[in-house]
Amino acid sequence: MPTLFLPLSRLARSGSGVGKLLARCTALHPPGGTGVSEKCQPAYRNLTSPAQLSTAGMSTSSADGDLTSWLWSVYNETKRQTEDLIPAISNNFVNPDTIFSNNEMSLQDIEIYGFDYDYTLAFYSSNLHTLIFNIARDILIQEHRYPEGLKEYEYIPDFVVRGLHYDVQKALLMKIDAFHYIQLGTVYRGLHPVSDKEVIAMYEGCHVPLEIMSDFYGKSSHGHTMKQFMDIFSLPEMTLLSCVNDYFMKHNIDYEPVHLYKDVKEAIGDVHVRGIMYRAVEADIEKYICYGEQTHAVLRKLSENGKKMFLITNSPLDFVDRGMNYIVGKDWRDLFDVVIVQADKPSFFNDRRKPFRRVTDKGVLLWDRIHHLEKGQIYKQGNLYEFLRLTGWRGSKVLYFGDHIYSDLADLTLKHGWRTGAIIPELRKEIKIMNTEEYVHTMTWLQSLTNLLEHMQVHRDAASQAVIQHWVKEREDMRSQAKDIFNPQFGSLFRTYHNPTYFSRRLSRFADIYMASISCLLNYDLQHTFYPRRTPLQHEAPFWPEQTSFGADPR
């Protein structure tokens with residue numbers, strides 16, 4: 001389980017972190033013990049179990065008041081100790097430039113490095129999402145005869161997060177956890193939240209059955225009603241879907257949600273397929289592409305250490321060449337042993353039928369049979385099986401980086417044994433939020449309060465339950481606050497309230513390592529071994545030692 005699944009657990013096992021607090025909480029109310037500390041209510045010291053305490057609390061009417069007072073005294077003492085520990089916990093910052101490991105892997109074993117292009121070697125400004133949104137919106141109006149009023153809508157940069165699911169038939173956008181449960185409070189119809197009561201009524205609870213989930217690559221195919229948006233390019237698509245739904249509902253227009261989904265999907269696809277986005281970026285590259293000095297440094301470092309490198313991207317040659325000239329320089333092709341454009345991933349990894357075609361510098365496709373993949377040449381399409389035959393680059397000596405967990409990484413790790421690295425640009429922002437005093441304070445007290453509820457729920461008398469319900473309500477409010485710290489609508493990319501998200505589940509399965517950008521590689525030498533943190537299973541005690549300086553230089 002990756003580090004960010006349990007961000008508090010890494011603090012809990014640090015010498016000055018939540019571990020001390022939880023130890024103190026256990027002293028205050030140990031499982032199976034009296035639920036009493038030396039500091040709280042001496043009259044209860046001789047009781048040996050929570051059940052006995054509950055019995056004693058119900059013996060007289062006056063005892064109810066004593067028990068209620070005692071519960072609040074434990075609450076106040078726990079809160080005081082939590083506050084005392086905040087400064088120490090706040091020093092345990094997570095370095096945003098760290099590479100996180102799901103699976104043990106040594107760079108010493110890696111001989112060949114492969115890369116996707118978009119959001120792996122090239123990073124884009126928010127202007128690109130605005131561009132995609134505006135062009136697709138106008139295509140809906142001009143070619144699909146959607147209302148002119150849609151022009152009132154502009155792209156909303158922080159409305160959605162990656163990894164959300166869209167119920168095509170119900171026109172609902174939502175976040176789903178690793179166990180297929182909808183996170184209540186994150187379900188939106190158009191631009192407005194849907195009440196928990198309505199969600200529960202529509203789905204007969206919060207669980208989404210497997211048979212209506214999307215297929216392996218997150219797509220909504222025949223028989224499925226859910227589409228998962230895993231691509232960073234899908235952010236403007238989700239926003240456009242929400243805006244069009246909002247317009248139709250606001251104007252009481254009767255519409256078929258399935259048609260709307262397909263039309264928006266087609267319009268977004270046209271922005272790419274017709275080359276509209278590519279031409280716009282090439283015409284004003286400084287506006288759309290973030291300068292890639294560190295990308296160049298990573299590639300140069302690998303080249304100087306004798307590593308083989310290749311590029312496999314779905315983008316066309318002109319677009320890649322223009323971007324790489326800007327990011328790396330005119331000699332960028334000299335760094336790569338193989339360059340493949342318009343690869344048509346994920347079909348590239350599965351479809352054996354498409355042979356490689358060589359592309360000239362002017363973009364002309366040649367007809368000759370490909371017997372070797374030569375350095376300095378550009379190839380189009382092809383398939384991974386032919387790639388493996390021609391290069392001999394197999395197994396765990398290959399490490400491939402990409403941003404799309406399904407299209408880039410899944411098949412490589414499941415079928416071919418390559419090592420995989422996920423590039424998650426959102427990671428840097430989320431770690432910076434996790435390092436704030438507000439987040440540390442909220443999560444530390446939330447964990448302490450949850451621990452308190454777990455131990456004190458044994459008191460079943462009415463007076464005690466009234467107190468506990470106060471705590472339950474406070475916990476619910478704090479969970480909402482913690483969600484809003486990341487994104488007011490959908491919260492963190494990696495978590496529902498406490499469980500990993502569906503996105504996190506896939507990330508942990510298909511990526512050996514993950515990081516905010518490939519520039520993180522500059523912090524490590526090429527002999528470095530990545531060790532996944534041994535996060536305790538639910539039935540395991542966290543007795544093993546852990547490192548305590550999480551903000552240290554990772555080198």
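What you are looking at is a predicted structure, and each value in this text was computed from that prediction instead of being measured.
For Asp177 (side chain) and Asn499 (main-chain N/O), no donor-acceptor pair under 3.5 Å exists by modelled atom type. Judged by distance alone, with hydrogens and angles left aside, the side-chain atoms of Lys175 form a donor-acceptor pair with the main-chain N or O of Ser492 at under 3.5 Å. Between the Gln228 side chain and the Gly163 main chain, a donor and an acceptor come within less than 3.5 Å of each other. Checked by atom type and distance alone, the side chain of Glu198 never pairs as donor or acceptor with a backbone atom of Ser195 at under 3.5 Å. The backbone N or O of Asn103 lies less than 3.5 Å from no partner atom in the side chain of Asp512, so there is not a single donor-acceptor pair.
Around the CD atom of Glu256, the shell of radius 6.0 Å holds more than 12 heavy atoms that belong to other residues, nucleotides or ligands.
Remark: the Arg322 side chain and the Tyr326 side chain contain no N/O donor-acceptor pair separated by less than 3.5 Å. With 3.5 Å as the limit, one finds a donor-acceptor pair spanning the side chains of Arg475 and Thr450. Side-chain contact, Thr413 with Thr420: no donor N or O sits under 3.5 Å from an acceptor N or O. For the residue pair Tyr146 and Asp263, a side-chain donor N or O sits within less than 3.5 Å of a side-chain acceptor on the partner. A side-chain donor from one of Asn245 and Tyr255 sits under 3.5 Å from a side-chain acceptor of the other. With 3.5 Å as the limit, one finds a donor-acceptor pair spanning the side chains of Asp118 and Tyr124. Using a 3.5 Å distance cut-off with no hydrogens or angles, the side chains of Glu474 and Trp445 do pair a donor with an acceptor.
Of all the heavy atoms in Phe123 and Pro425, the pair that sits closest is CE2-CG, 3.6 Å. In terms of heavy-atom proximity, Met515 sits nearest to Ile518 at SD-CA, 4.4 Å. Annotation for Gln489 and Asp158: closest pair NE2-O, 3.2 Å, computed over non-hydrogen atoms.
Between Tyr514 and Asn102, the closest side-chain pair of non-hydrogen atoms falls below 4.5 Å. Taking the side chain as every heavy atom from C-beta outward, Ile156 and Leu191 approach each other to under 4.5 Å. When side chains are defined from C-beta on, Pro236 counts as touching His129, because their heavy atoms get closer than 4.5 Å.
For the atom pair NE2 (His192) and NZ (Lys250), the distance works out to 6.0 Å, reported to the nearest 0.5 Å.
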>> Using the rule given for side-chain contact (heavy atoms from CB on, under 4.5 Å), can you reason through Asp167 versus Met202, listing the C-alpha separation, both sets of side-chain angles and the distance that settles it, and then say yes or no?
In response: CA-CA 11 Å; Asp167 190 320; Met202 282 190 290; over 6 Å; no
> Can you list the steps and then say if Ile132 with Phe233 is a side-chain contact (heavy atoms from CB on, under 4.5 Å)?
Replying inline: CA-CA 9 Å; Ile132 295 171; Phe233 280 128; 3.8 Å; yes
> After noting the C-alpha distance and the side-chain angles of Glu454 and Gln457, does the key distance pass the side-chain contact (heavy atoms from CB on, under 4.5 Å) rule?
Replying inline: CA-CA 6 Å; Glu454 181 178 7; Gln457 63 181 319; 4.3 Å; yes
> Step by step, would you call Lys483 with Thr496 a side-chain contact (heavy atoms from CB on, under 4.5 Å)?
Replying inline: CA-CA 8 Å; Lys483 174 183 77 73; Thr496 55; over 6 Å; no
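Ring to ring, Phe486 and Phe494 are not that close: their centroids are 6.0 angstrom or more apart. For Tyr153 and Phe133, the gap between ring centers reaches or exceeds 6.0 Å.
With a 6.0 Å cutoff to the six-membered ring centre and a 45° limit on the axis angle, Lys79 does not count as a cation-pi contact of Tyr75.
Between Phe319 and Tyr117, the angle of the ring planes goes over 60°, which puts this pair in the perpendicular group of the 30/60° scheme.
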